[in-house]
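Okay, so here's the structure we're looking at.
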Amino acid sequence: MKDLILKLEKEHFLSNSEFKTLIENDETESSAYLSERAVEVREKFYGKDVYLRGLIEFTNYCKNDCYYCGIRGSNSFCERYRLSDQQILDCCKTGYALGFRTFVLQGGEDGYYTDERLVALISEIKSLYPDCALTLSIGEKSYDSYKAYFDAGADRYLLRHETADYIHYGKLHPKELSLQNRMQCLYNLKEIGYQVGCGFMVGSPFQTTDSIIEDLKFIRKLEPHMVGIGPFVPHKDTPFKGFKNGTLELTLKLLSIIRLMIPRVLLPATTALGTIDPLGREKGILAGANVVMPNLSPVETRRKYELYDNKICMGDEAAECIECMKRRMKGIGYNVVVSRGDYKKD
């Protein structure tokens, strides 16, 4: 197994059968070696720095009806909200004072936020905080819309592809949504000039090892600057409420594999990891991740942005979140840094 891991580190890719062997292998010693190699590669480019992203969940309205998501359009139990522009700016102000230099505006696909509204908001944030990076995570848009946001000052865009297996995609989404369009959006974002992030859920319903291999092949082809993966966690008000969580072990293994595939990638240890294991985010960093995303959203709205059940950090103020994160990272020998935390080019 070590030979396969070293081959992945050297060539940044494996054949389908080799990926399958590596993914399905459950030897503790091999998993530890995989993490060890991933950490060494990560430290070559980023040292022991962990980058903060300040997450602002500004709307939980969504026109889509993805079967796994707690804010899906047909969920009548979801208490909807939108933050005002001033509330969003207040979140940025608080975050900036605490040391955040990247803000992530995340929301459902909410038609209220026209291009005009978003461009004005992006321009305002960038004028107030020109030394900060602004990331958007607001779903599928047209090429022209993405271009308008970029021209207004947006730097990065997160758009999880969710699965690169067409059959699997159809089992997670209603027929109005297509994997082909999702992938085209990602290529459009790269062409425009964004730092681009894709990603998928680990252990989502009907996922197979072959599905995961398709994800890895797509990621290698796209060569994104960021990859966000986390375990699937069900939500009680969705069709997938009875399914089991994705596992910590497989998520950590895939974090390490992705680090070896794309050595310079920005790789979050997600909130979902911390939801299924009290030390999940620390374990993610020790598997090769180098980004954490504390929540800057107002405490009173966080429970309403519930993509899955039992999400952590619902009641902590932003200052508490960042101090907690600093302690956690220091406890495993890493440093939370005040930086935009950009992708490191060649």
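Residue numbers count from 1 along this sequence.
Salt bridge Arg340/Asp131: absent, no basic N to carboxylate O contact under 4.0 Å. Classification of Lys2 and Glu36 as a salt-bridged pair fails, no side-chain N sitting under 4.0 Å from a carboxylate O. At a threshold of 4.0 Å, the pair Glu140-Arg182 counts as salt-bridged, since one of the basic side-chain nitrogens sits closer than that to a carboxylate oxygen. Using a 4.0 Å cut-off between a side-chain N of Lys or Arg and a carboxylate O of Asp or Glu, Lys304 and Glu79 qualify as a salt bridge.
Within a 6.0 Å radius of CD in Glu29, other residues, nucleotides and ligands contribute 12 heavy atoms or fewer. Within a 6.0 Å radius of NZ in Lys241, other residues, nucleotides and ligands contribute 12 heavy atoms or fewer. Around CG of Leu128, the count of heavy atoms belonging to other residues, nucleotides or ligands within 6.0 Å exceeds 12. Environment of CD in Glu176: crowded, with over 12 heavy atoms of neighbouring residues, nucleotides or ligands closer than 6.0 Å.
Interatomic distance, Glu214 CD to Leu216 CG, rounded to the nearest 0.5 Å: 9.5 Å. Atom CD1 of Ile88 is separated from atom CG of Leu105 by 6.0 Å, given to the nearest 0.5 angstrom. Here the CZ-CD1 distance, from Arg42 to Ile285, works out to 6.5 Å after rounding to the nearest 0.5 Å. Rounded to the nearest 0.5 angstrom, Ser211 OG and Glu162 CD are separated by 13.0 Å. For the atom pair CE of Met329 and CG of Leu52, the computed distance is 9.5 Å after rounding to the nearest 0.5 Å. Distance check, rounded to the nearest 0.5 Å: CG of Asp26 to CD of Glu249 gives 10.0 Å.
Two rings, from Tyr61 and Tyr112, have their centers 6.0 Å or more apart. Aromatic rings from Phe58 and Tyr113 are positioned such that their centres are separated by under 6.0 Å.
The two residues Cys69 and Thr238 make their nearest non-hydrogen contact at O-CG2, 3.4 Å. Smallest separation of non-hydrogen atoms from Lys253 and Ser31: CE-OG, 3.9 Å. Scanning all heavy atoms of the two residues, the minimum distance from Pro224 to Val227 falls at CG-CG2, 3.6 Å. The minimum heavy-atom distance between Gln207 and His168, with the atom names listed, is N-NE2, 3.4 Å. Nearest heavy-atom pair, Ile71 versus Cys78, reported as atom, atom and distance to 0.1 Å: CG2-SG, 4.1 Å. Summarising the geometry of Leu260 relative to His12, their closest heavy-atom pair is O-ND1, 2.9 Å, with the distance given to 0.1 Å.
Panel note: side chain Arg160, backbone Gly228; a donor-acceptor pair is recorded below 3.5 Å. Counting only distance, with no hydrogens or angles, the side chain of Lys244 and the backbone of Gly203 share no donor-acceptor pair below 3.5 Å. Using modelled atom types, one side-chain atom of Arg72 and one backbone atom of Cys66 make a donor-acceptor pair closer than 3.5 Å. Between the side chain of Lys126 and the backbone N or O of Asp155 there is no donor-acceptor pair closer than 3.5 Å. With hydrogens and angles ignored, the 3.5 Å screen pairs no side-chain donor or acceptor of Asn290 with any backbone N or O of Leu266.
Looking at Asp342 and His225, their side chains never bring a donor and an acceptor atom within 3.5 Å of each other. For Asn310 and Thr275, the side-chain atoms include no donor-acceptor pair closer than 3.5 Å. Ser297 and Asn295 share a side-chain donor-acceptor pair at under 3.5 Å.
Met201 shares a hydrophobic cluster with Tyr67, Tyr68, Leu172, Phe206, Phe232, Phe240, Phe243; the chain of contacts runs through ILVMFWY side chains whose heavy atoms sit under 4.5 Å apart.
The salt bridge (charged side-chain N to carboxylate O under 4.0 Å, His left out) check on Asp151 picks up Lys147, with sequence neighbours excluded. For Arg37, the side chain to side chain donor-acceptor pair (under 3.5 Å) partners two or more places apart in sequence, or in a different chain, are Glu9, Glu40.
When the options Glu323, Met325, Lys330 are evaluated for a side chain to side chain contact (heavy atoms under 4.5 Å, CB included) with Arg327, the one that passes is Glu323.
By the 4.5 Å heavy-atom criterion applied to side chains, Cys198 and Leu222 are counted as neighbours. Between Val119 and Tyr149 the shortest side-chain heavy-atom distance falls below 4.5 Å. When side chains are defined from C-beta on, Pro231 does not count as touching Asn245, because their heavy atoms never get closer than 4.5 Å.
Ring geometry for Tyr129 versus Tyr96: interplanar angle of 30 to 60°, hence tilted.
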Practice prompt. Please test Glu300 against Tyr81 for side chain to side chain donor-acceptor pair (under 3.5 Å), starting from the C-alpha separation and ending with a verdict.
Written response: CA-CA 10 Å; Glu300 62 270 18; Tyr81 75 92; over 6 Å; no
